[in-house]
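Beneath this line is the structure, given in structure tokens, with notes to follow.
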There are 2 protein chains.
Amino acid sequence: MKKRTLISDIAKHLKVSTATVSLVLNGKAKQSRISDAVAQRVRAYVDEVGYKPNQLAKSLRTGKTQVIGLVVEDISNPFFAMVAWLIEKQAFERGYRIIYCSTDNNTEKTKELISMFQERHVDGYIIVPAKGIEEDLRTILREQIPTVLFDRFLPELLTNYVVVDGAAGTSAATQHLLDEGFTNIAFVTTDSTQTQMEERLHGYARVLEEHSLLQTVKRVAETKDAAKAIADITAFIQANRQCDAIIFSTNYLGIYGLEAISRLELSIPTALGVISYDDHDLFRLYEPAITVIAQPVERIAQHVIDILLEELKPRGKVTPLSMQQVVLSPALVVRKSSLRNGTVSAAPSKKYRTG
Amino acid sequence: MKKRTLISDIAKHLKVSTATVSLVLNGKAKQSRISDAVAQRVRAYVDEVGYKPNQLAKSLRTGKTQVIGLVVEDISNPFFAMVAWLIEKQAFERGYRIIYCSTDNNTEKTKELISMFQERHVDGYIIVPAKGIEEDLRTILREQIPTVLFDRFLPELLTNYVVVDGAAGTSAATQHLLDEGFTNIAFVTTDSTQTQMEERLHGYARVLEEHSLLQTVKRVAETKDAAKAIADITAFIQANRQCDAIIFSTNYLGIYGLEAISRLELSIPTALGVISYDDHDLFRLYEPAITVIAQPVERIAQHVIDILLEELKPRGKVTPLSMQQVVLSPALVVRKSSLRNGTVSAAPSKKYRTG
DNA sequence: TCCGCTTGCAAATACGTTTTAGCAGATTTT
DNA sequence: AAAATCTGCTAAAACGTATTTGCAAGCGGA
């Protein structure tokens, strides 16, 4: 039960002041004209006793916590888990720590989380914004705290963000289904009006309009209840037997959709062509493999962390924050589930780049 | 760019001392004989200006951060993601925040993470321990910081832990396969010697020994390279054509295994019966659905958080920590992949409780 | 009237750092 | 020889809160 060593213990033992120790430890020995001899002695003894500064005290004094708050919709969603993991890795290497939290797309919970991060004085934010948090974000931005949104953005707010061109993905998917000879394509999405979901819908709608084809759109109510969602989709499919293909606007809807299709004993792609947004183990390994619109997770993570770390660099007082908006292209990964004849012509899986 | 309001601002405005404000805010008004009138005034004004105490200063002063460090193997693994999510939810409600981190089962990274948590003065730890961190854990325990391990434990260390009876799960699975008429059962596991992995192997071995049957065990080297692991499993299956069933010791091996089996164009369960540890969307929806040994994630999370919060309660000085060891039973969820005749007799999916 | 007890609050210290201003002596410049 | 500059370090003041101790006033009892 011995006490932690403090900077004052170090100072006392070496018969120097705490200021000296602190300056050496923070690499400011040179500019503060601490002699190399003393600096060496300090470093040696610090290593010897394994002294680690108290980060709380440090943060309180400097106002910097070296912590980034990461607010995603649902950390157990493989898409977010992957992006979060990549971001964490990068940030860790550059001395930043990440605190994750899941919002479940709940406005109130998101606000609470942001408020908690504020209290903990995170140095920066990475946020997948839920609806209705414009005010909270405005507060953060006003305080000049570096912030990057991803996956979607808030149209009325000028912020950094990294998103994927959802319309390009779904229009490529729709076009691909038409090329394969499917003629009556349905689109299953959520009832949320988040920017990226609306875009995905537009991509689908645009292509069908161009071909003067009928649109069949189902909006599944957001719910934590998988069974309810599956039942909802099942009913939709039954009520729309004329449809010969479905595009799901996000990974979990795709998974629910597969379960629904499986229960209805409809065979893919013979009875129903299928494409889902987001890649996933399940889609890759399902029999038949499911064609997906894959988001470039590595590049999303890379851009997010690059923008954030750039802003975290100590800047001149008046350097304005230059907001960056990045729009990345998804890739259509064609697998059996969207092929009329059931086999991929050339390669077992070819990728189309969109955009 | 206005400054945050401080407790001193509140005090000044109300013409009371900061002590008074602090006491009221921390619910110690009564015991410090602050009059109700003053307490009301304080609360009213605090609400009005939306004052939030600086948690850093608070923590520095009290030594409590209200933060729990959660160290898992891989947050993108659905099993850990689920448990983490459940734990987070519970902790949040009781005023604690969670910091997640992934170790990738890397001893060095685990040590770094624990060290980082120490620096940040987390109030408690929840750890999925990698090998070789006994010393670091001992340090934590010596300092009486509440800690709970889960998924596995370190045999030489007396700690709280919550684990699942791995042997019960695999022996039930093995027995089930034998009952179904499979005679040559292989076991695919990792090359790690973590307690829970060894137990899972033992459960399998024990049942086969009882029946005097040959054991066929494959240890797949731990790697980040999925392709390599899949190739490894593919080779194993090809080299052991006599096997008519396989048990995978963990979810990602099961997924790799399915990919291998699919590439070899072996049909399940006709050519090969399959059971995997851990449930997963993929296993539930795969065609045929995969029988799994499901871990009781809700109960794991519940026990972990209960034990930890119990220990976090302010205790009398000398109350010794009573270490709790909880062993939960997994459930065998029988699906088509382990049934000789290809159909489940009664219900489409029945559960056996083990233990 | 004096003493002790209660009530209601404030002063002051501590938590463990970082950082600025400045001091004393040595060295150089004028 | 005095003045200016440089060198190497330290004293002390923050950062924003919690908490212990104590002080003054009021009150009842003797």
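Within every chain, numbering begins at 1; the chains are lettered A, B, ... in the order of the sequence lines, protein sequences first and strands thereafter. Just so it is clear, the structure is predicted and the values come from calculations on it, not from any experiment.
- Using a 4.0 Å heavy-atom criterion, one finds that B:Ser22 contacts the bases of the nucleic acid, with or without backbone contacts as well.
- When rounded to the nearest whole Å, the span between CG of B:Leu23 and P of D:dT20 equals 10 Å.
- Salt-bridge annotation for A:Asp36 and A:Arg41: absent, with no side-chain N of the basic residue lying under 4.0 Å from a carboxylate O of the acidic one.
- As rounded to whole Å, 14 Å separates atom C1' of C:dG8 from atom CD of B:Gln31.
- Between A:Asp104 and B:Lys89 no salt bridge is recorded (no basic side-chain N to carboxylate O distance below 4.0 Å).
- Residue B:Ser17 places no side-chain N or O under 4.0 Å from the OP1 or OP2 atom of C:dA11.
- Remark: C1' of C:dT19 and CG of A:Leu25 are 14 Å apart, rounded to the nearest angstrom.
- A salt bridge does not link A:Glu143 to A:Arg138: none of the charged nitrogens lies less than 4.0 Å from a carboxylate oxygen.
- Between the CD1 atom of A:Ile34 and the C1' atom of C:dT20 there is a distance of 13 Å, rounded to whole Å.
- Residue A:Thr18 is the one, among B:Ser8 and A:Thr18, whose nearest nucleotide of DNA chain D lies closer to the 5' end (criterion: closest heavy atom).
- Near DNA chain D, meaning a heavy atom under 4.0 Å away, the residues from residues 38-65 of chain A are A:Val38, A:Leu60, A:Arg61.
- In this structure, A:Lys131 places its NZ atom where more than 12 heavy-atom neighbours from other residues, nucleotides or ligands lie under 6.0 Å away.
- Checked for salt-bridge contact, B:Glu48 and B:Arg43 miss the test: no charged N lies under 4.0 Å from a carboxylate O.
- Here the nucleotide nearest the side chain of A:Leu6, chosen from C:dT18, C:dA10, C:dT17, is C:dT17.
- Checking A:Arg33 against B:Thr20, the closest nucleotide of DNA chain C that is more toward the 5' end is the one next to B:Thr20.
- In this entry the distance linking CG of B:Asp36 with P of C:dG8 reads 9 Å, nearest Å.
- Note on A:Lys30: nothing from the nucleic acid sits closer than 4.0 angstrom, heavy atoms only.
- Base contact: A:Ser32 has a heavy atom under 4.0 Å from a base atom.
- Taking the six-membered ring where tryptophan is involved, the planes of A:Tyr100 and B:Tyr100 are perpendicular, since the angle between them exceeds 60° and thus also 30°.
- Distance CD1 (A:Ile7) to C1' (D:dC15): 15 Å, rounded to an integer number of Å.
- Between the C1' atom of D:dT10 and the NZ atom of A:Lys12 lies a distance of 15 Å, rounded to the nearest Å.
- Between A:Phe153 and A:Tyr161, the two ring planes are parallel [angle under 30°; tilted spans 30° to 60°].
- Between the two ends of the helix from C:dT1-D:dA30 to C:dT30-D:dA1, each summarised by a five-pair axis, the helix axis turns through 70° (rounded to 10 degrees).
- At whole-Å resolution of the value, NE2 in B:His121 and P in D:dT17 are 19 Å apart.
- Closest approach of B:Glu134 and B:Leu157 over heavy atoms only: O-CD2, 3.9 Å.
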*Go through the steps for B:Asn54 and A:Glu119 under the test side-chain hydrogen bond (donor to acceptor under 3.5 Å, both in side chains), then give the verdict.*
CA-CA 6 Å; B:Asn54 181 329; A:Glu119 285 169 32; over 6 Å; no
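- With hydrogens and angles ignored, the 3.5 Å screen pairs no side-chain donor or acceptor of B:Ser32 with any backbone N or O of B:Ile34.
- Proximity of B:Lys28 to the phosphate of D:dT19: a side-chain N or O atom is located under 4.0 Å from OP1 or OP2.
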